[in-house]
Every structure is written in C-alpha cells, then in structure tokens.
Amino acid sequence: MLATSTRIVLADPEAVLKPLCAHLVEHEAVVTDEGGAKVIRLDAAEARLGLSATALDVSVEAPDIAGLQAMKRAIASHVVEFAPQGEVPQIRWNGDGTGPALPADFRVLTVTGVETITPHMRRIRLRGENLARFDQIEALHVRLFIPPADLAEPAWPMVGEDGLLVLPPPEARPSIRKYTIREIDAAAGTIALDFVLHDDAGPGSAFAARAKAGDRVGMAGPGGRGLKLAERYVFLADETGLPAVARMLENLPAEAVGQAFIEIADTGEEQDLRVPAGIAVTWLHRGDAAPGSRPLLQDTFAALDWPAEGPGVYLWAAAEHGAFRDIRAAAKSKLRPERDQHLIVSYWRQGVAEEQHTATKRAEASRA
Ligand SMILES: Cc1cc2nc3c(=O)[nH]c(=O)nc-3n(C[C@H](O)[C@H](O)[C@H](O)COP(=O)(O)OP(=O)(O)OC[C@H]3O[C@@H](n4cnc5c(N)ncnc54)[C@H](O)[C@@H]3O)c2cc1C
C-alpha cells in the first residue's frame, strides 16, 4: 500500500467536509463514519478525513500511484470547490507520490512511422513505455495530447504538490482529441492509431497530416466501454468508428455472427479487415457528399430485421452526431431491453470542434 497525508487549514472545515462527501457519493464513492472520521472509498483507494475546529486531517492509502493520485485529486479539487469564496486552501501532501509528476495514466509517445492506409486514413505508429494499461479490449480509446505544431519542446499536464492537475501555459498547452488504439503490443512498447484526414482540419487531423518520426504526443486513458460477448453483433460506424470496429472484429470469437456497416466516401476508402466468417461487412458509400450529411447509417439501421424473438444482439454504433442521435432514438423501440446490449456514441459533430462537442455532450448528459 502507498500512503500520503495532509492537514488542510480551513475557517470552517465542517462546511467543506459535508458537501465534499455528498458530492463524492454521486461519483460512486462509498462514504462511512468510522471512529469519528469520514472514510471515503473510491475503487481500491481509501481516504480518512478527521475534523478539528480549524483543519481537515486527511490520510490516503491506495495500492498504486494511479489510485493515490485519483483520491488526492478528488479530495483536493472538492476542498477547493467547496471552500467559501475568498478562502484559498493551502494543500501539501506528504508521503508517497509527492512532488510534481506526470498523471499515472499519462504516457509520452514518440512517432516512429507513418503509413497511408487509404487516401483519407493515415496510420501513425508510436513508441512508448509502460503501455500495459492500454492493452485491453474493454477500453479502446485514448485522449491524445497534441502539442502546438511550432513548439520546440512539448509541455505536458502535471500533478502538482497539492494533488491538482496543472496545465501548461496557454501558448504551450496541447489540444486534446480522442482516438482509438488500432494496434498495440505492450511488451514491445508500440502502438498504432488511425487518423481520418478531413477538411477543415483541427489539431487531430492536422497532426496526422504533418506527423514524422521523432514527433511527440501525450496519451491518457484508456477509456470507454469496449467489446461485449453476444449471440449476434451489429456494428454501425463512419470512418471515425472504423478503427474501433476493425479492432473489435479482430478480437471476436471465430464463431461470432452478425453484420458490420461502415460509411466511407468510396471504394478507395475500403480496408481489408480480419473478420470472423459469420460477420458480413457492408461498405456504405456516400460519394461526394460531405461526411455526416447523408443518413446512410440511420436508413440501414431502420431497415434491419430485428425479430421479437431470437438471439441477444450487441449493437455498437459510433458516427457523426446526427447519425448517433437518430440511431439512439430508433434503438429505443428496436432493441429488446431484456436481451440486447448497446453502445451508441457521438464521435464528432459537423461544424463543431471537439472542445465544443464534448461540452455540449456533457451539458446534454447532465440535463438528462
Ligand atoms: C471515443 C472516440 C474515439 C475516436 N476514435 C477516432 C479514431 O480512431 N480515428 C479518427 O479519425 N477519429 C476518431 N474519433 C473522432 C475524432 O476524435 C474527431 O473527428 C475529432 O473531432 C477530430 O479532431 P480534429 O482536431 O481533427 O478536428 P476538430 O478540431 O475537432 O474539428 C474541426 C472541424 O472538423 C470537423 N470534423 C471533425 N472530425 C471530422 C471528420 N471525421 N470528418 C469531417 N469533418 C470532421 C468538425 O466538425 C469541425 O468543423 C473518435 C472520437 C471519439 C469520441
């Protein structure tokens, strides 16, 4: 077990402790009263918060540095959030994992090669250390930290001595974009990501277009829900979801059955996929129409035969926001809740950069 502790002096510690505990319960922490202290359990980490008239005494234990950082950050960020206006709590942790450090789920990767897969898909090969946590089919995507193109020495987010995340100054701050791990060999320290090259390129597409051996990016994660076992599979994706579908298809059991529908521009964008014999792949061509402008995936889903009786289906769909919205709405009446599973995700939104897209998704989720 790793251990760390801090004494946080506050004008009214109780007024901070109460909302902090209530808030962490909403984030799936378990909070109990033990021996006059509040004990917070979050995954495998445990924090004990003792109250005095002038301070919170906090001690944290966790089996690894990721758990320690996550608990320190959960406590420090909420102490800061719930301290009354004008009070700036001073937090300094003592013990294991103190001092500025890269976040435990963060890796710096170096580009080793670039391949053209199709005219609009580039594979970037990268090398990094300690990649084992990224090698799982249950969590496929990562947050990529892309430094500004003209920066000589990239700067990364760090965990400060107070346990909070410190971002590089705005001029050096990396842009964050989500991508899917297409290939990984953790033992060899290698990883491959497939990037769509699109018009109106943002930092992600522009990085893929200019990347060369020696360039560095940061990577955090992994995240998301990945492959589930099912009696039948239906995959619906545009080219941004293609890397995930391709990786899942490669990892399905040989006897898996189902269909994969993938929207791309034209035959030039089709890829050779390794697919179980029982999975039929259909490429949907939108031709010269702009990505996300034709309801090809929606119409395909609407036309799918979905018998009331029959095997349980795993539906996985990822595409532009309009397709996501329509498929999610249609799935409500089509899926059989007692039998089918699903993951339907908005991967990008026409005319909107990732920051705005994520902010809108968060606002919609909290309204829901
Ligand atoms: C979990 C997850 C996994 C993903 N995995 C992948 C992956 O493996 N490979 C991949 O290429 N993408 C993937 N995406 C989608 C990718 O994150 C977005 O396309 C992202 O917006 C690209 O960032 P950017 O900097 O290029 O463009 P942004 O700065 O985000 O946007 C700039 C402009 O480009 C437009 N735009 C964004 N993406 C596209 C597109 N694909 N086609 C046409 N116009 C677009 C936007 O609407 C906006 O107008 C994933 C998304 C999620 C949520």
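Just follow the structure's listing: the first ligand is 1, and inside any ligand the first atom is 1. This structure is a prediction, so every number in the text was calculated from the model and none was measured.
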Quiz prompt | Heavy-atom closest pair, residues Thr300 and Leu284 | solution = OG1-CD1, 3.6 Å

Quiz item: Pairs in or reaching into residues 230-245: which pass side-chain hydrogen bond (donor to acceptor under 3.5 Å, both in side chains), with residues at least two apart or in two chains?
Solution: Arg232-Gln259, Asp238-Thr240, Asp238-Trp348, Glu239-Arg286

Self-check item: salt bridge (charged side-chain N to carboxylate O under 4.0 Å, His left out) partner of Glu115, the single match among Arg122, Arg125, Arg182
Solution: Arg125

Quiz prompt | Test applied, salt bridge (charged side-chain N to carboxylate O under 4.0 Å, His left out); reference residue, Glu354; option that passes from Lys178, Arg143, Arg177 | solution = Lys178

Exercise. With sequence neighbours left out, write down each residue that passes side-chain hydrogen bond (donor to acceptor under 3.5 Å, both in side chains) with Asp288, or none if nothing qualifies.
Key: none

Quiz prompt | Contacts of Glu61 that satisfy side-chain hydrogen bond (donor to acceptor under 3.5 Å, both in side chains) - sequence neighbours left out | solution = none

Self-check item: Residues in the immediate environment of ligand 1 (any heavy atom closer than 4.0 angstrom)
Solution: His141, Arg177, Lys178, Tyr179, Thr180, Asp194, Phe195, Val196, His198, Asp200, Gly202, Pro203, Gly204, Ser205, Thr240, Pro243, Pro291, Tyr347, Trp348, Arg349, Gln350, Gly351, Val352, Ala353, Glu354

